[in-house]
Amino acid sequence: MPVNYSTEQTIPSDRTVRLLDTTLRDGEQAPGVSLSPDEKVEIARGLERAGVAVIEAGSACTGAGERQAISRVTDLELDATVTSFCRGLEHDIDLALECDVDGVHIVVPASDRHVEGKVGTSREDNLEATAELVEYATDHDLWVEVIGEDGSRADLDYLEELMATALDAGADRTCFADTVGHTGPERTAEAVSRLADLGPVSAHTHDDLGLGVTNAITAVSAGADLVHCTVNGLGERAGNVALEEVAIALSHVYDVETLELEELYDLAQLVSRATGVQLPPNKAVIGENAFTHESGIHTDGTLKDDKMYEPYAPETVGRERRLALGKHTGRAGVKATLEEHGVEAGDDEISEIATRVTELGDRGRRVTDADLLAIAEDVTGDDRERVVELLDLTATSGGAVPTASIRLAVDGEERVASGTGSGPVDAAVSAVREALGSQADAELESYRVNAVTGGTDAVVTVEVTMARDDRSVTVARSEADITRASVEAMVDALDRLLASENQPLTPADD
Ligand SMILES: CC(=O)SCCNC(=O)CCNC(=O)[C@H](O)C(C)(C)COP(=O)(O)OP(=O)(O)OC[C@H]1O[C@@H](n2cnc3c(N)ncnc32)[C@H](O)[C@@H]1OP(=O)(O)O
């Protein structure tokens with residue numbers, strides 16, 4: 001159901017809106033990002049699973065490697081239309097044809113700054129060249145979208161003339177481009193509604209002013225029916241408008257469905273892994289904190305009614321809700337988290353544990369599951385025997401094969417093992433798994449390293465989350481030695497997981 005309380009919806013729910021993804025072209029233009037053909041193929045498959053209508057696979061003019069990558073995507077024979085970016089040059093269209101794409105985006109200058117200052121032509125010659133290029137592309141059976149580059153800074157009368165020329169020459173659609181993310185919703189609405197009167201129009205917005213989604217939604221309400229986006233908002237400078245944000249905004253606010261929303265989180269992680277650009281924790285839909293609650297009032301409210309502090313269920317976009325502990329934790333959050341770990345405590349004990357969690361958070365620390373459980377044991381007096389304990393660790397690197405040997409106490413019995421790996425941490429983790437056998441059957445859900453202090457002698461904090469069956473435990477360890485911190489965190493997490501299976505803590509009396 002749309003959530004607008006107004007009866008005047010600017011985008012009615014029966015509007016057909018489709019999304020074009022340009023992660024493989026504009027997204028890849030983000031500094032430092034370069035996708036291999038295999039990565040492009042994997043991302044294109046993910047985009048297809050999500051139901052993206054058009055995939056801009058790259059710029060064929062960039063070089064042989066790029067053309068090979070685009071060809072690999074066209075070879076997939078996806079349902080989505082696969083396209084290439086082309087400058088206003090016949091040669092670029094020829095290169096796109098070599099990749100067997102379904103269509104092209106012919107990017108022609110629209111503002112005087114681009115017409116005269118960049119391409120060095122005149123308004124009149126630009127009109128003529130645009131018509132010729134469109135005819136050339138359509139003669140080769142290509143689907144054609146003409147993008148008026150820097151359209152938001154163009155004289156709108158000229159932009160309208162340029163786009164009318166493109167449509168008259170046979171272009172399938174035009175595109176309003178806020179190339180430098182310079183404009184706001186009013187000008188977007190004016191420009192898009194003028195172009196929509198001519199024929200089908202797309203919107204291409206950037207986030208330099210943080211107005212990417214606003215302008216995209218405004219463009220749709222002004223008549224655009226295809227929105228250019230990138231996964232995670234990757235792109236030039238501050239990025240393009242994020243695919244996941246446009247999709248959820250259209251769905252949640254206007255009841256207009258564009259994608260298989262539950263695919264969005266996997267897609268976000270896939271793109272993050274391939275590009276090396278981490279997901280910002282506070283980003284809508286994909287950020288780690290988007291469905292995580294720490295503060296006591298929010299956690300309590302969410303436990304009473306899961307819609308209390310969330311606009312939509314995390315499962316909608318392929319995610320799960322999480323409770324976190326820290327400075328702002330209250331009793332309800334402590335009780336719920338302890339229950340997740342099979343630990344019961346009385347009301348007074350819960351209050352005491354909550355106070356100590358807050359105190360730990362006050363010291364600027366993130367409070368992990370292991371911290372909570374240690375506090376709970378202290379408060380309830382439930383001492384437990386460790387199942388696994390690290391006794392000794394030696395790791396070497398710099399030679400041909402990084403190796404590590406490890407000595408563990410497992411249920412009071414000493415075990416020694418060694419392992420090799422891609423680096424000392426990997427080798428030490430192999431050794432731990434070797435020593436523990438099936439007891440180490442736990443998935444490493446996340447592994448994060450953070451240098452707490454500067455310099456080469458920095459103290460690093462390693463935080464791991466490990467899961468076994470349907471339980472997960474987060475542990476953080478700080479050390480100057482990253483290998484030791486990693487292994488200690490992992491062994492402690494395994495110890496917690498195994499302890500809860502073998503020796504559940506007994507409920508404490510009130
Ligand atoms: C808004 C956007 O996202 S634009 C897309 C940006 N994408 C890219 O740049 C793709 C990656 N780029 C590349 O691989 C290279 O820049 C290439 C292969 C396209 C061109 O490389 P080079 O020939 O060395 O040119 P260079 O990069 O120095 O300059 C760009 C040229 O394209 C021209 N150009 C730029 N936009 C257009 C256009 N819309 N129509 C025609 N020509 C254009 C420029 O005028 C310049 O030509 P000039 O050298 O004759 O002055």
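Values below: all heavy atoms of this structure, side chains included; hydrogens, waters and symmetry mates excluded. First listed ligand is number 1; within each ligand, the first listed atom is number 1.
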Discussion item. Please check this pair: side chain of N240 against backbone of H206, looking for a donor-acceptor N/O pair closer than 3.5 Å.
Written reply: no
Discussion item. For a 4.5 angstrom cut-off between non-hydrogen side-chain atoms, does F291 reach Y265?
Written reply: no
Fill in: Heavy-atom side-chain contact between L24 and K40 under 4.5 Å
yes
Among all protein heavy atoms, pick out the one at the shortest distance from [atom]; state its residue, atom name and that distance to 0.1 Å.
| atom | result |
| --- | --- |
| atom 39 (N) of ligand 1 | V107 O, 2.7 Å |
| atom 40 (N) of ligand 1 | G88 N, 3.0 Å |
| atom 12 (N) of ligand 1 | T62 OG1, 4.2 Å |
| atom 1 (C) of ligand 1 | E149 OE2, 3.2 Å |
| atom 4 (S) of ligand 1 | F85 CZ, 3.8 Å |

Worksheet item: Heavy atoms only: which of K118, R87, Q29 is nearest to atom 36 (N) of ligand 1?
Response: K118
Discussion item. Can you see whether Y158 engages D112 through a side-chain donor-acceptor pair at a distance of less than 3.5 angstrom?
Written reply: no
Worksheet item: Does a side chain donor of either T403 or T396 reach within less than 3.5 Å of an acceptor in the other side chain?
Response: yes
Discussion item. Please work out, at 4.0 Å between heavy atoms, whether the side chain, the backbone, both, or neither of R25 comes within that distance of ligand 1.
Written reply: side chain
Worksheet item: How does H114 reach ligand 1, by side chain, by backbone, by both or by neither, if only non-hydrogen atoms under 4.0 Å count?
Response: neither
